[in-house]
Amino acid sequence: MLRAIAVGIPIGLTFVDCFGYVAKVEGISMQPALNPENNGKSDFVFLNRWSSRSFHYSRGDMVSLISPKDPSQKIIKRIIALEGDLIRTIGYKTRYIRIPEGHCWVEGDHTGHSLDSNFFGPVAIGLITAKASQIVWPPRRWQWLESELPDERIPLNLRDVSGRSFDSSEVIDLVDIED
């Protein structure tokens with residue numbers, strides 16, 4: 001029995017550290033994607049640490065990160081913008097901001113009910129610990145979490161003149177033209 005525990009604990013810790021773990025999502029900041037009902041019941045999500053090992057994220061990814069305001073707390077938010085993007089903020093100290101290198105902009109889906117980048121500014125990519133990949137509990141809510149970005153939150157540099165989003169494959173790289 002003692003031998004099984006001595007072997008099991010390191011294997012379990014390695015799995016959690018490398019692959020991921022299940023976490024309870026509390027609060028309303030990610031409604032309606034997570035905890036859509038205000039009945040006191042919480043969603044549990046699988047936080048995939050393997051997918052965050054390369055520090056490569058996409059706009060719309062739902063991620064777990066260490067809170068910049070309270071390092072003892074982990075929060076779940078959606079990535080709205082990546083380094084170099086220009087965004088219009090919602091209540092931040094400046095109306096527009098270009099995301100600095102090595103940072104991203106994260107927001108809760110429930111606008112106005114979330115402590116996010118509109119409160120604490122751009123977040124260092126290194127604070128992200130995992131990508132939320134699926135809801136695992138309750139069973140009636142089992143589903144993969146899609147990387148989606150609301151149209152009104154698309155970074156300004158990815159919009160066309162009329163304000164609509166466009167396919168980034170339409171952008172011509174000037175370096176390619178000169179060659």
Side-chain angles (χ1 to χ4, degrees), residues 23 25-36 43 45 47-71 73-135 143-179:
V25 178
E26 298 183 281
I28 62 171
S29 72
M30 290 305 295
Q31 285 181 340
L34 300 174
N35 297 340
D43 286 341
V45 297
L47 296 176
N48 186 333
R49 291 179 57 88
W50 188 261
S51 67
S52 68
R53 293 175 71 86
S54 66
F55 295 101
H56 184 269
Y57 303 100
S58 300
R59 292 171 200 88
D61 285 351
M62 201 176 297
V63 295
S64 172
L65 61 140
I66 298 167
S67 170
K69 290 296 180 188
D70 181 1
Q73 182 183 25
K74 286 194 179 170
I75 57 177
I76 292 182
K77 302 295 175 202
R78 188 175 304 277
I79 294 177
I80 301 299
L82 298 169
E83 65 181 50
D85 285 345
L86 177 66
I87 60 157
R88 180 183 47 81
T89 67
I90 304 171
Y92 188 58
K93 59 186 174 185
T94 58
R95 182 84 171 135
Y96 298 94
I97 188 168
R98 184 165 306 276
I99 308 305
E101 185 176 342
H103 289 71
C104 64
W105 189 267
V106 296
E107 293 181 358
D109 288 354
H110 197 171
T111 305
H113 295 24
S114 174
L115 290 177
D116 53 30
S117 286
N118 288 296
F119 176 73
F120 44 70
V123 174
I125 291 287
L127 291 178
I128 298 175
T129 59
K131 181 179 172 186
S133 58
Q134 62 240 41
I135 298 173
Q143 63 184 298
W144 290 96
L145 294 169
E146 300 295 324
S147 289
E148 54 190 16
L149 192 59
D151 283 340
E152 66 275 6
R153 298 307 296 145
I154 294 174
L156 300 175
N157 56 304
L158 299 180
R159 295 175 183 254
D160 67 12
V161 177
S162 67
R164 292 172 299 176
S165 62
F166 63 91
D167 183 0
S168 61
S169 65
E170 297 172 358
V171 177
I172 299 171
D173 192 337
L174 295 178
V175 175
D176 294 337
I177 294 173
E178 293 174 0
D179 289 341

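If you're wondering where the values come from, they're calculated on a predicted model, not measured in any experiment.
Here the side chain of Thr89 pairs no donor or acceptor atom with the backbone of Tyr96 at under 3.5 angstrom. With Asn118 contributing its side chain and Ile90 its backbone, the two residues share a donor-acceptor pair below 3.5 Å. Remark: the backbone N or O of Arg88 is paired with a side-chain donor or acceptor of Arg153 at under 3.5 angstrom. No donor-acceptor distance shorter than 3.5 angstrom exists from the side chain of Asp70 to the backbone of Ser67, with no hydrogens or angles considered. The closest donor-acceptor contact from the side chain of Arg98 to the backbone of Gly84 lies under 3.5 Å. A distance-only check finds a donor-acceptor pair linking the side chain of Arg78 to the backbone of Gly60 [under 3.5 Å]. Side-chain N or O atoms of Asp61 include none that pairs as donor or acceptor with a backbone N or O of Ile79 at under 3.5 Å.
Using a 4.5 Å cut-off on side-chain heavy atoms (C-beta onward), Thr129 and Lys74 make contact.
Taking both residues in full, the closest heavy atoms of Leu149 and Pro155 are given as CD2-CD, 4.0 Å, listed atom of the first, atom of the second, then distance. Scanning all heavy atoms of the two residues, the minimum distance from Ile66 to Pro71 falls at CG2-O, 3.5 Å. Among all heavy-atom pairs drawn from Ser117 and Val123, the shortest one is OG-CG2, 3.7 Å. Contact record, Arg49 with Ala130: CG-CB, 3.9 Å, taken as the closest heavy-atom pair. Nearest heavy atom pair, residue Ser114 against residue Lys77, reads OG-NZ, 3.0 Å. For the pair Asp116 and Val106, the tightest heavy-atom approach, listed with the atom from each and the gap, is CB-O, 3.3 Å.
The OG atom of Ser133 sits 7.0 Å away from the CG atom of Leu145 when rounded to the nearest 0.5 Å. The distance from atom CD1 of Ile76 to atom CE of Met62, rounded to the nearest 0.5 Å, is 8.0 Å. The line from OH of Tyr92 to CD1 of Ile87 is 9.5 Å long, rounded to the nearest 0.5 Å.
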**Request:** Applying side-chain contact (heavy atoms from CB on, under 4.5 Å), run through Glu83 and Ile125 and close with a yes or a no.
**Result:** CA-CA 9 Å; Glu83 65 181 50; Ile125 291 287; 5.6 Å; no
**Prompt:** Between Trp105 and Asp85, is a side-chain contact (heavy atoms from CB on, under 4.5 Å) present by the stated rule, with each step listed?
**Reply:** CA-CA 9 Å; Trp105 189 267; Asp85 285 345; over 6 Å; no
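Counting non-hydrogen atoms of neighbouring residues, nucleotides and ligands closer than 6.0 angstrom, the CD atom of Glu152 exceeds 12 such neighbours.
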